[in-house]
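All chains are named by letter (A, B, ...) in the order of the sequence lines, taking the proteins before the strands, and each is independently numbered beginning at 1. Since this is a predicted model, take the numbers as computed values, not measurements.
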Amino acid sequence: MPEKQYDAKQIEEKWQERWKDSALFRAEENSTKPKYYVLEMLPYPSGTLHIGHIRNYTIGDALARYKRMRGFNVLHPMGWDAFGLPAENAAIANKRDPYEWTMFNIENMKRQHRRMGFSYDWSREVATCDPEYYRWNQWFFLKMLENGLAYRKKALVNWCNECGTVLANEQVVDGCCWRHEGTPVEQRAIEQWFLRITKYADELLNAISELENGWPERVLLMQTNWIGRSEGAEVDFQLDGSGQPIRVFTTRIDTIFGAACLILAPEHPMVAELASAELKPQVKQMIDSRASKGPGDVDKEGLPTGKFAVNPFSGEKIPIWIGNFVLMGYGTGAIMAVPAHDARDYEFCEKYGIEWRPAVEPVGFGKPIQVIWPFVDDGLLRESGEFSGLPSEEARRVMTAKAEAEGFGKAAVTYRIKDWGISRQRYWGTPIPVIYCPNCGIVPVPEKDLPVVLPLGIPILGKGRSPLENVPEFMNVKCPKCGEDARRESDTMDTFIDSSWYFYRYCDPHNSNAPFDSAKIAYWFPIDQYIGGVEHAILHLIYSRFWTKMMRDFGLVTNDEPVARLFTQGMVIKDGAKMSKSKGNVVSADQMIERFGADTGRIFELFAAPPEKEMDWTDAGANGAYSFLGRVYRYVTRNVGQGQPEPTDTDRKVLRKLHQTLQRITGDFESRWHFNTSIAALMELMNALIEHEKQISRVVMADVLEKLTLMLEPFAPYLAEEIWEEQGKTAPVFHYAWPEYDPELARDEEAEIVIQINGKVRGRLYVAFGTNRETLEKQAIGDSKIQPLLDGKQVVKVIVVPDRLVNIVVK
RNA sequence: GCCCGGGUGGCGAAAUCGGCAGACGCAAAGGACUUAAAAUCCUUUUUCCGGCAACGGGAGUGUGGGUUCAAGUCCCACCCCGGGCACCA
């Protein structure tokens with residue numbers, strides 16, 4: 001057959017037409033096959049896919065296609081994280097309605113996904129801005145409200161002036177808004193809705209050990225740090241005079257005899273009574289200046305109250321200060337400062353000349369050791385009354401017990417994680433389903449009235465208050481309890497709620513009676529492989545785990561965790577630089593496909609680097625991937641039905657290479673996921689096939705072409721389908737089984753034995769596999785190249801590693 | 001400051017269990033085909049020394065030490081780069 005030129009565009013358009021609107025990639029409903037749920041994090045519909053997004057989906061799609069060929073019932077869905085600020089900001093900037101803007105983007109990105117050939121089950125597509133989706137956000141919220149997991153309180157919250165809304169703690173980066181890098185986050189006191197994620201803090205932490213096999217260690221570490229469990233004790237100091245207790249939290253109760261002063265956060269409730277009239281303006285200033293401070297170190301500042309507190313262990317009176325570095329939101333908002341054993345306390349007390357003394361000394365060897373203050377490690381207690389001489393660890397136990405027995409303290413655990421503030425003073429999100437009634441107070445919207453539909457086509461103007469406040473048809477409502485005039489909640493939910501459970505909805509996307517059918521969840525969950533960027537290590541991935549545990553406690557699901565295995569792929573950069581709009585180096589999927597084709601993009605993204613590492617997109621590199629695919633296409637088209645009529649000597653060699661390739665790629669899928677080496681293996685196979693092109697028999701040629709196509713399918717599906725058809729076979733390729741490799745065929749004919757002298761390679765032997773040590777040693781020493789080198793030397797030792805090497809140690 | 005990653009040719013990388021460092025690709029150089037270009041194909045390509053050559057020899061995986069017959073891989077110290085956390089008491 002004459003060879004044909006590779007025309008990616010023509011091939012890809014042809015197959016897109018055939019795949020369109022077909023049920024080819026649908027997951028089966030009542031299958032006897034084992035299930036496999038592979039999922040890539042759903043995108044925000046920002047407008048266009050670029051080569052950075054594509055990597056994520058290419059990895060997932062390769063896996064989905066491979067697993068189908070391995071006989072799994074694969075669920076591989078896609079959807080849209082469609083609520084959020086960018087839609088609203090675009091609406092303000094371009095006067096476009098957020099709904100229309102979002103829908104337009106979804107259509108465009110879906111077109112790009114199809115063009116890339118990703119094998120999604122589009123019948124399960126979910127867009128989170130669809131009332132049929134977000135009504136279940138509201139439904140969950142009501143259940144949480146009922147169960148005390150959602151509550152409203154006035155709290156200091158993170159406020160971004162640019163967004164004009166509140167941010168969750170997880171959305172504050174370096175003291176600035178995660179979306180506006182230069183905008184410091186302010187602290188404001190606002191009435192907010194919170195979800196009690198802290199109730200699950202311990203479980204979220206403990207279950208991390210069960211995820212260790214499937215999740216990247218660094219993600220688990222980040223979550224561990226984020227939850228920030230810390231064990232210690234709460235201890236009451238008494239206000240000198242009134243005897244009123246001031247509670248502090250400490251992890252180092254063993255150092256309490258070294259407490260030099262008590263320091264309260266400026267927002268601490270007792271500051272009101274402790275601070276004199278002339279001090280109060282300074283306290284207010286301290287609060288304000290910290291609120292407006294950006295990232296970086298804030299200098300420690302303190303204000304003396306002139307009042308004293310009594311140390312419950314030593315009876316000593318120590319001064320009470322107010323300090324800007326003490327956080328109201330952590331522990332009790334008050335600390336005991338032990339400068340001898342804490343770097344921050346040391347800095348503070350040195351600055352203000354507060355006297356201090358040590359309470360713990362290093363465990364020495366009888367000799368006095370030079371101690372550098374502060375000494376923050378454990379040691380032996382000194383000058384600590386009855387506890388002197390005890391090691392720190394024991395002292396903590398004994399002293400906590402004493403505090404508990406005498407009623408001035410107890411063992412306590414605090415967490416860094418705080419409850420999840422979900423109120424956003426924004427339009428484009430899920431309306432929070434509550435009504436404020438002048439008579440009845442907070443009234444949940446009855447379940448039968450869900451969804452509370454977000455009104456469309458409304459004017460979006462300023463910032464600071466939800467645009468919904470200006471929509472009377474939405475705001476004015478009768479109280480469901482008493483029927484009086486009432487108002488709706490105008491805040492909407494944080495969009496991280498949408499993404500906390502979307503992957504459950506994929507299992508039952510059109511259910512109008514419940515968020516999903518629990519039986520379907522029991523079949524599909526947990527997600528076997530989740531793939532996304534590491535930037536979601538704490539936000540999305542901790543919320544999702546929380547949501548799953550909450551649903552489990554409501555009896556909706558039986559799994560404890562949503563995701564069995566997580567893979568975080570590396571970033572895509574362009575010519576060594578980060579892609580960004582301002583640099584103008586963002587390559588859209590469309591541009592890439594026009595120039596190289598979807599298959600080339602997929603192959604190159606996998607080939608250029610292992611998937612967890614950063615990947616540098618260069619057009620020259622992509623060109624290399626293109627010529628590889630061209631070589632494959634031309635080779636197949638000119639060799640279909642060709643070959644020597646009789647078996648040849650070369651057949652064995654070619655089959656060996658084929659089965660070695662199969663072995664490597666299968667191994668990459670099953671364990672390492674280093675698809676860069678999979679593609680390299682395919683290239684090596686092609687090189688070998690080209691080298692031996694004319695010496696391969698017809699039978700072997702047909703076999704090799706078939707298996708080559710099957711192996712290509714997860715990576716370059718368009719080309720695979722095309723050359724499958726060229727071979728006279730019936731599409732689609734992924735309905736055929738992944739080829740098994742034959743270890744007998746894959747094995748090399750002879751073992752190549754390296755002969756070393758003192759660790760340096762000096763020669764080689766070719767022997768049968770399994771040749772014994774004695775024979776190898778004899779042959780190596782007797783080798784004609786080796787003999788002269790041993791002349792006049794004394795052989796000290798010979799190390800023989802069968803099938804690998806012989807190392808002769810000489811003197 | 002603390003906690004994770006990582007450092008291998010001109011570049012992206014490979015070496016899966018301590019056993020031949022640099023597979024595969026890019027770029028570069030030379031050549032074939034072509035009126036020409038593109039495309040395609042062939043050859044060379046870690047570095048230094050010797051040789052017309054086949055080839056031979058030395059060095060080499062951030063730096064310095066160590067373990068071992070053998071180290072990119074294990075151990076200790078340090079340097080640099082990337083990421084996370086950062087007054088969390």
Side-chain angles (χ1 to χ4, degrees), chain A residues 3 5-6 173-175 216-222 224-226 228-230 232 248-252 255 263 265 290 295-300 323-327 329-338 341-345 347-348 414-418 534-535 537-538 571 575-576 603-604 607-610 612-625 627-628 630-631 634 664 667-668 671-672 674 676-687 690 752-764 796-801 803-810:
Chain A
E3 87 176 21
Q5 287 312 303
Y6 178 49
V173 178
D174 287 338
E217 203 186 305
R218 93 183 149 127
V219 171
L220 296 178
L221 193 75
M222 283 163 75
T224 303
N225 291 338
W226 188 262
R229 182 188 153 99
S230 132
V248 304
F249 173 77
T250 179
T251 54
R252 293 298 304 275
T255 65
I263 311 176
R290 189 165 70 180
D297 277 15
V298 178
D299 283 337
K300 287 186 180 53
N324 66 343
F325 70 102
V326 178
L327 306 173
Y330 186 78
T332 60
I335 62 160
M336 62 173 199
V338 187
H341 306 296
D342 182 283
R344 295 152 304 179
D345 298 346
E347 190 192 331
F348 183 83
T414 60
Y415 298 91
R416 192 182 172 285
I417 194 170
K418 295 191 198 122
V534 74
E535 66 272 18
I538 43 178
M571 249 184 20
D575 299 318
I603 287 276
F604 182 57
F607 175 66
E612 73 278 5
K613 264 185 80 170
E614 188 175 87
M615 178 257 165
D616 192 5
W617 179 281
T618 61
D619 288 346
N623 232 344
S627 32
F628 164 65
R631 263 201 308 281
R634 290 190 303 274
R664 281 175 65 181
D668 283 338
S671 62
R672 287 204 320 163
H674 276 197
N676 53 330
T677 59
S678 304
I679 310 287
L682 285 171
M683 289 174 168
E684 281 184 57
L685 176 62
M686 263 326 288
N687 291 346
I690 289 167
E752 188 186 51
I753 308 293
V754 170
I755 310 173
Q756 298 180 332
I757 295 177
N758 288 345
K760 291 215 161 86
V761 180
R762 288 295 130 104
R764 280 154 214 280
V796 182
K797 198 170 172 188
V798 180
I799 283 108
V800 182
V801 183
D803 298 343
R804 282 195 178 263
L805 63 75
V806 177
N807 188 10
I808 305 164
V809 186
V810 299

TODO: Report yes or no: is there a donor-acceptor pair, N or O only, under 3.5 Å between the side chain of A:R764 and the base of B:rC20?
DONE: yes
TODO: With rounding to the nearest 0.5 Å, note down the distance linking CG in A:L221 to CG in A:N225.
DONE: 5.0 Å
- [ ] Starting at CZ of A:R672, measure out to OG1 of A:T677 and round the result to the nearest 0.5 Å.
- [x]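 Taking CZ in A:R672 and OG1 in A:T677, the distance rounds to 5.0 Å.
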- [ ] Using the C1' atom on both, measure B:rU34 against B:rG57 and round to a whole Å.
- [x] 45 Å
Open item on the list: Is any side-chain heavy atom of A:I799 closer than 4.5 Å to one of A:Q756?
Closed with: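 A side-chain contact is absent here, since even the closest heavy-atom pair is not under 4.5 Å.
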Open item on the list: Just confirming the chi classification of B:rG51, syn or anti, using 90° around 0 as the syn window.
Closed with: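 It is anti.
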Open item on the list: If you assign each of A:V761 and A:E217 to its closest nucleotide in RNA chain B, which residue comes earlier from the 5' end?
Closed with: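 Result: A:E217.
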TODO: In whole angstrom, give the distance that lies between atom CG of A:L685 and atom C1' of B:rA23.
DONE: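 Rounded to whole Å, this separation is 15 Å.
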- [ ] Enter the distance from A:E347:CD to A:K300:NZ here, rounded to the nearest 0.5 Å.
- [x]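 One finds 3.5 Å between CD of A:E347 and NZ of A:K300.
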Open item on the list: Give me the distance, rounded to whole Å, that separates B:rU61 from B:rA15 when you measure between the C1' atoms they each carry.
Closed with: 11 Å
Open item on the list: Just to be sure I understand the rule, does A:V326 reach a base, reach only the sugar-phosphate, or reach nothing, if contact means heavy atoms closer than 4.0 Å?
Closed with: base
- [ ] Dot-bracket for RNA chain B, please, read 5' to 3', with Watson-Crick or G-U wobble pairs under 3.5 Å on both distances, ( ) within the strand, [ ] crossing, | other strand, . unpaired.
- [x] (((((((..(((......[....))).(((((.......))))).(((((....)))))..(((((..]....))))))))))))....
Task: Residue A:R762, side-chain atoms from C-beta onward, closest of B:rA59, B:rG57, B:rA23 - done: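 When the side chain of A:R762 is considered, B:rG57 is the closest of B:rA59, B:rG57, B:rA23.
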Open item on the list: Within the structure provided, determine whether A:T618 and A:F604 are in side-chain contact (heavy-atom separation under 4.5 Å).
Closed with: yes
Open item on the list: Between B:rG1 and B:rG72, how far apart are the two C1' atoms, rounded to whole Å?
Closed with: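 One C1' to the other, the span is 31 Å.
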Task: Spacing of CG belonging to A:D342 relative to CZ belonging to A:R252, to within rounding of 0.5 Å - done: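 One gets 9.0 Å once the value is rounded to the nearest 0.5 Å.
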Open item on the list: Can you work out whether A:E684 or A:N324 has the more 5'-proximal nearest nucleotide on RNA chain B?
Closed with: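 Counting from the 5' end, the first nearest nucleotide belongs to A:E684.
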TODO: For B:rC81, decide between syn and anti, treating a glycosidic angle within 90° of 0 as syn.
DONE: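 Anti conformation for B:rC81.
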- [ ] Determine the Euclidean distance between corresponding P atoms of B:rG82 and B:rA27; express it in Å to zero decimal places.
- [x]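 About 28 Å, rounded to a whole number of Å.
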Task: Touch class at under 4.0 angstrom, heavy-atom based, for A:G624 against every strand present - done: sugar-phosphate
Open item on the list: Please encode protein proximity along nucleotides 39-48 of chain B as a string of B, S and -, counting only heavy-atom distances under 4.0 Å.
Closed with: -SS-------
Open item on the list: Could you tell me how far apart A:H341 (NE2) and B:rC87 (P) are, to the nearest whole angstrom?
Closed with: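 It works out to 23 Å between those atoms.
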TODO: Measure from CG on A:D575 to P on B:rG10 and round the result to the nearest Å.
DONE: 20 Å
Task: Check: A:V809 and A:N758 side chains under 4.5 Å, non-hydrogen atoms - done: yes
- [ ] Taking only the side-chain heavy atoms of A:R218 (C-beta and beyond), determine which of B:rG83, B:rG5, B:rC20 contains the nearest atom.
- [x]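 Among B:rG83, B:rG5, B:rC20, the one nearest the side chain of A:R218 is B:rG83.
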- [ ] Can you tell me, in whole Å, how much space there is between the P of B:rG84 and that of B:rG65?
- [x] 36 Å
- [ ] Indicate the atoms forming the closest heavy-atom contact of A:V810 with A:V796, along with that distance.
- [x] C-CG2, 4.1 Å
- [ ] Rounded to whole angstrom, note down the P distance from B:rC80 over to B:rA29.
- [x]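 The same atom, P, in both gives a distance of 37 Å.
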Task: B/S/- contact track for nucleotides 13-19 of chain B, protein heavy atom under 4.0 Å - done: SSSS--B
- [ ] Name the nucleic acid region contacted by A:L221, choosing base, sugar-phosphate or nothing; use a 4.0 angstrom heavy-atom cut-off, strictly under.
- [x] sugar-phosphate
Open item on the list: Looking at A:N225, I'd like to know whether one of its side-chain N or O atoms comes within less than 4.0 Å of OP1 or OP2 on B:rC2.
Closed with: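 Checking A:N225 against B:rC2: no side-chain N or O falls below 4.0 Å of OP1 or OP2.
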TODO: Send over the distance from A:K760 NZ to B:rG57 P, rounded to a whole Å.
DONE: 11 Å
Task: Distance, nearest 0.5 Å, that separates CD1 of A:I679 from NE2 of A:H674 - done: 13.5 Å
TODO: Ignoring hydrogens and angles, tell me if any N or O in the side chain of A:N324 forms a donor-acceptor pair with the backbone of A:D299 under 3.5 Å.
DONE: yes
Open item on the list: Using whole Å, what does the distance between atom P of nucleotide B:rG57 and atom CD1 of A:I757 come to?
Closed with: 10 Å
Open item on the list: Rounded to whole Å, please give me the gap between CG in A:N758 and C1' in B:rU68.
Closed with: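 Spelled out: CG on A:N758 to C1' on B:rU68 is 13 Å.
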- [ ] Could you state the atom-to-atom distance from CG of A:D619 to P of B:rA27 in whole Å?
- [x]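 In whole Å, B:rA27 P and A:D619 CG are 11 Å from each other.
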Open item on the list: Pair A:E612, A:R218 - check salt bridge (charged side-chain N to carboxylate O under 4.0 Å, His left out), show working.
Closed with: CA-CA 12 Å; A:E612 73 278 5; A:R218 93 183 149 127; over 6 Å; no
Task: Nucleotide nearest A:L327 when distance is taken to its side chain, options B:rC87, B:rG5, B:rA27 - done: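 For A:L327, the side-chain atoms sit closest to B:rC87.
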- [ ] Count the heavy atoms belonging to other residues, nucleotides or ligands that lie under 6.0 Å from CD of A:E752, then report whether that count exceeds 12.
- [x]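 Yes, enclosed.
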Open item on the list: Once hydrogens and angles are ignored, does a donor-acceptor distance under 3.5 Å link the base of B:rC20 to the side chain of A:E752?
Closed with: yes
Open item on the list: If you define the side chain from C-beta out and look only at heavy atoms, does anything of A:I335 sit under 4.5 Å from A:F325?
Closed with: yes
Task: A:M686 CE - B:rG25 P separation (whole Å) - done: 11 Å
Task: Between CZ on residue A:R764 and CD1 on residue A:I753, distance to nearest 0.5 Å - done: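 A:R764 CZ to A:I753 CD1: 11.0 Å, rounded to 0.5 Å.
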Task: Nearest-Å distance once atom C1' is located in both B:rU8 and B:rC2 - done: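 To the nearest whole Å, 30 Å.
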Open item on the list: In whole Å, measure the gap between the C1' atoms of B:rA21 and B:rU46 for me.
Closed with: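 Here B:rA21 and B:rU46 have their C1' atoms 10 Å from each other.
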